[in-house]
Amino acid sequence: MFKETAQLFKAAAPLLAKTTLWKEVRISSTHGGSSVHGHRYFNVTCSLCAKVPPRKKPRVKVDIPGLERITYGDRMHYVPGLAKPSFPTWVRDWNDPSHYYAPKEEEMPLHKEKSCFIFNQRTNALEGVRQALWLTKSKLTNGLPDQVLSLAENEANQIENQDERVQNAIRHARFWDTTEERPSRDTFCVALLRSLIHLCGSLQVSHPGLGRRILAEKYSLAATWSRGEDLFQVRGQNGLLLNSMAPLPVLAGKEEVQSTADHVLETFYPISPTIDLQSVQVYEEQNHTGFKEDYPYPHAHTLFLLEAGDTPVTLLPEQLRAKMIMFAFGNALARAHTLHGTKPGVLEQPIVVQSVATNGRMFQYVVFQLNTTDLQADEGVKNQVWVENDQLLYDFAKVRPLIKKRVVQIPPGLSGYKPETFQKFLSLYLHGAV
């Protein structure tokens with residue numbers, strides 16, 4: 001009986017495979033033999049698993065000059081053997097959204113032949129900082145300026161029980177603000193940054209200038225410029241922005257700014273500077289800071305970026321610093337276009353914007369000074385960038401100890417706290433209010 005059933009299924013298998021999906025299951029019989037049974041999957045059919053048919057190529061109509069085609073257009077009905085007539089496209093006198101046909105890209109009224117390269121929050125620049133320096137026509141200086149670092153060294157500008165309160169902020173983000181054994185980076189990274197900003201804001205009693213600031217979230221930026229023969233634009237949402245009523249003081253004097261004309265920009269030939277940038281058609285070259293003209297806090301102070309939480313992609317430290325430079329430059333350039341228009345030239349009053357990025361453990365600091373909006377040629381005055389990279393706030397924050405071979409390698413709790421990292425964070429926050 002089992003052998004006859006198995007032979008029947010084997011004979012019908014090719015026919016059944018064309019209609020539905022079958023699965024062979026070998027079941028041992030009570031007589032010591034085995035049989036093959038087919039099971040139908042009613043939830044998956046052949047039409048769902050089949051490949052998409054290739055798109056048909058449009059038939060090319062050939063018009064021979066001097067030779068007219070005989071069609072059945074005059075007879076008002078189909079006639080075998082006669083050609084199909086071609087009628088003009090009927091244009092409705094009213095707007096019908098269900099029958100709207102968009103014009104071709106080349107026929108759009110604001111179409112431009114030159115494409116624009118976009119840098120947004122998803123951009124992962126291959127060359128990192130070097131690519132950002134070329135795009136922004138900037139000169140790099142390692143380390144933060146001395147006039148900024150000296151702010152937190154003064155005891156009058158420090159917080160009472162500063163180290164203890166910073167460590168409590170870290171413990172709050174890593175241990176106290178969750179019921180999980182190990183909180184996710186999206187959770188403790190945001191909590192730590194908010195706590196540090198709130199801790200720095202507690203100095204408002206002794207520094208009233210800190211009260212003339214506000215935090216803005218999910219604002220949209222757009223800044224357009226020409227570099228060489230290409231058009232570039234920085235746009236999109238880019239983190240948490242600290243705005244101020246007054247601009248940041250200039251860091252480099254006029255003599256130092258003029259000396260940047262002798263600096264030679266580094267190239268990375270044969271790699272193109274536009275690599276990893278999105279090429280799109282931009283109809284209007286917009287420049288706006290993301291805020292209205294009568295906004296009481298028009299000046300960008302510090303841009304805070306999170307490696308996890310507010311970004312859809314995870315960037316390496318080199319690419320993260322490039323993103324910090326580009327968006328700090330974009331905020332400064334948009335402000336310059338608002339104040340002085342889009343005509344390129346050297347600014348009499350440079351614009352300074354700061355940026356801080358963190359993953360909840362490591363901090364990156366960038367200070368950008370916009371000296372010129374003439375970015376098309378490599379010659380002339382350059383912009384300036386100060387970068388302080390890979391600053392650890394602490395070494396480890398473990399809920400449970402790390403034990404290897406019965407030896408405690410890393411104790412539980414917070415270990416390896418580095419106070420100098422927070423001092424730099426506090427210096428950037430106090431910049432412009434002291």
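Values in this document were obtained by computation on a predicted structure and should not be read as measured data. Atoms considered below: every heavy atom in the structure, side chains included; atoms not considered: hydrogens, waters and symmetry mates.
Residues Trp386 and Asn142 are not in side-chain contact: their nearest non-hydrogen atoms beyond the backbone lie 4.5 Å or more apart. At a threshold of 4.5 Å between non-hydrogen side-chain atoms, the residues Leu251 and Gln147 count as touching. Put simply, the side chain of Arg165 reaches to within 4.5 Å of the side chain of Leu199, judged on heavy atoms. Put simply, the side chain of Gln364 does not reach to within 4.5 Å of the side chain of Gln391, judged on heavy atoms. Between Leu196 and Phe363 the shortest side-chain heavy-atom distance falls below 4.5 Å. By the 4.5 Å heavy-atom criterion applied to side chains, Tyr429 and Thr302 are not counted as neighbours. No side-chain heavy atom of Val399 sits under 4.5 Å from any side-chain heavy atom of Arg182. Ser138 has its side chain out of reach of Ile325: every pair of non-hydrogen atoms, C-beta onward, lies at least 4.5 Å apart.
The environment of Lys418 atom NZ is dense: over 12 non-hydrogen atoms of other residues, nucleotides or ligands sit within 6.0 angstrom. A 6.0 Å sphere centred on CG of Asp146 holds no more than 12 heavy atoms belonging to other residues, nucleotides or ligands. Open room surrounds NZ on Lys254; 12 or fewer heavy atoms of other groups in view lie less than 6.0 Å from it. The neighbour count for Glu348 CD, taken as heavy atoms of other residues, nucleotides or ligands under 6.0 Å away, does not exceed 12.
Side-chain atoms of Gln131 come within 3.5 Å of backbone N or O of Pro273 as a donor-acceptor pair. Side-chain N or O atoms of His172 include none that pairs as donor or acceptor with a backbone N or O of Gln167 at under 3.5 Å. At least one donor-acceptor pair under 3.5 Å links the side chain of Asn371 to the backbone N or O of Lys382. Judged by distance alone, with hydrogens and angles left aside, the side-chain atoms of Asn383 form a donor-acceptor pair with the main-chain N or O of Thr372 at under 3.5 Å. Judged by distance alone, the side chain of Gln376 and the main-chain N or O of Ser226 form no donor-acceptor pair under 3.5 Å. Remark: the backbone N or O of Leu303 is not paired with any side-chain donor or acceptor of Gln354 at under 3.5 angstrom. No side-chain donor-acceptor contact under 3.5 Å links Thr187 to the backbone of Pro183. The backbone N or O of Leu392 lies less than 3.5 Å from a partner atom in the side chain of Thr421, making a donor-acceptor pair. No donor-acceptor distance shorter than 3.5 angstrom exists from the side chain of Arg335 to the backbone of Ile351, with no hydrogens or angles considered. Although no hydrogens or angles enter the test, the distance criterion places no donor-acceptor pair under 3.5 Å between the side chain of Asn120 and the main chain of Arg235.
Nearest heavy atoms, Ala169 versus Leu192: O-CD1, 4.1 Å. Heavy atoms only, all atoms of each residue included: Ala334 and Ala222 are closest at CB-O, 4.0 Å. The two residues His431 and Arg213 make their nearest non-hydrogen contact at O-NH2, 3.1 Å. In terms of heavy atoms, Ile410 sits closest to Ser415 at CG2-OG, 4.4 Å. Taking all atoms of both residues into account, the shortest heavy-atom contact from Val129 to Arg321 is CG2-CB, 3.8 Å. The heavy-atom pair separating Leu370 from Ala336 by the smallest distance is CD2-CB, 3.8 Å.
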Evaluate the criterion ring pair (Phe, Tyr, Trp, His ring centres under 6.0 Å) for residue pair Tyr417 and Tyr394; output intermediate values, then yes/no. CA-CA 4 Å; Tyr417 168 69; Tyr394 56 91; 8.5 Å; no
What verdict does the side chain to side chain contact (heavy atoms under 4.5 Å, CB included) test give for Leu193 and Leu306, after you've listed the backbone C-alpha separation in whole Å, the side-chain angles of each residue and the deciding distance to 0.1 Å? CA-CA 9 Å; Leu193 181 61; Leu306 299 177; 3.3 Å; yes
One pair to check against side chain to side chain contact (heavy atoms under 4.5 Å, CB included): Arg122 and Gln278. What are the steps and the verdict? CA-CA 10 Å; Arg122 293 176 177 266; Gln278 184 183 8; over 6 Å; no
Decide yes or no on salt bridge (charged side-chain N to carboxylate O under 4.0 Å, His left out) for Lys137 and Asp374, but give the supporting numbers first. CA-CA 9 Å; Lys137 191 182 176 181; Asp374 186 9; 5.3 Å; no
Go through it in stages, so that I can follow the logic: the residues are Phe291 and Tyr219, the test is ring pair (Phe, Tyr, Trp, His ring centres under 6.0 Å), and I'd like the CA-CA distance, side-chain angles, deciding distance and then a yes or no. CA-CA 8 Å; Phe291 304 94; Tyr219 77 103; 5.4 Å; yes
Go through it in stages, so that I can follow the logic: the residues are Gln384 and Val257, the test is side chain to side chain contact (heavy atoms under 4.5 Å, CB included), and I'd like the CA-CA distance, side-chain angles, deciding distance and then a yes or no. CA-CA 8 Å; Gln384 293 175 273; Val257 171; 3.8 Å; yes
Any chance you could lay out the side chain to side chain contact (heavy atoms under 4.5 Å, CB included) test for Val353 and Phe329, step after step, and finish with the verdict? CA-CA 8 Å; Val353 178; Phe329 162 77; over 6 Å; no
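Two rings, from Phe188 and Trp176, have their centers 6.0 Å or more apart.
In this structure, Asp378 pairs ionically with Arg227, as a charged nitrogen and a carboxylate oxygen lie closer than 4.0 Å. A salt bridge is defined here as a Lys NZ or Arg NE, NH1 or NH2 lying under 4.0 Å from an Asp or Glu carboxylate O, and Glu217 with Arg194 meets this definition.
Tyr283 and His111 have perpendicular rings, their planes meeting at more than 60° on a 0 to 90° scale where under 30° would count as parallel. Phe422 and Phe425 have parallel rings, their planes meeting at less than 30° on a 0 to 90° scale where 60° marks the start of perpendicular.
A cation-pi geometry, defined here as NZ or CZ lying under 6.0 Å from the six-membered ring centre and within 45° of its normal, holds between Arg361 and Phe396.
To the nearest 0.5 Å, the span separating CG on Asn238 from CZ on Phe119 amounts to 10.5 Å. In this structure, the separation between CG on Leu221 and CD on Gln237 is 11.0 Å, given to the nearest 0.5 Å. To the nearest 0.5 Å, the span separating CG on Asn359 from CG on Leu393 amounts to 10.5 Å. Atoms OG1 and CH2, from Thr373 and Trp225 in turn, are 12.5 Å apart once rounded to the nearest 0.5 Å. Here the CD-CD distance, from Glu127 to Glu318, works out to 8.5 Å after rounding to the nearest 0.5 Å. Residue Leu203 holds its CG atom at 6.0 Å from CG of Leu426, rounded to the nearest 0.5 Å.
There is a side-chain donor-acceptor pair under 3.5 Å between Gln233 and Thr224.
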Review item, side-chain donor-acceptor pairs of residues 401-409, under 3.5 Å, at least two apart:
none

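Partners of Glu420 under the salt bridge (charged side-chain N to carboxylate O under 4.0 Å, His left out) rule, at least two apart in sequence or in another chain, do not exist in this structure.
Sequence neighbours left out, the pairs with a member in residues 89-98 that pass side chain to side chain donor-acceptor pair (under 3.5 Å) are Asp96-Ser98, Asp96-His99.
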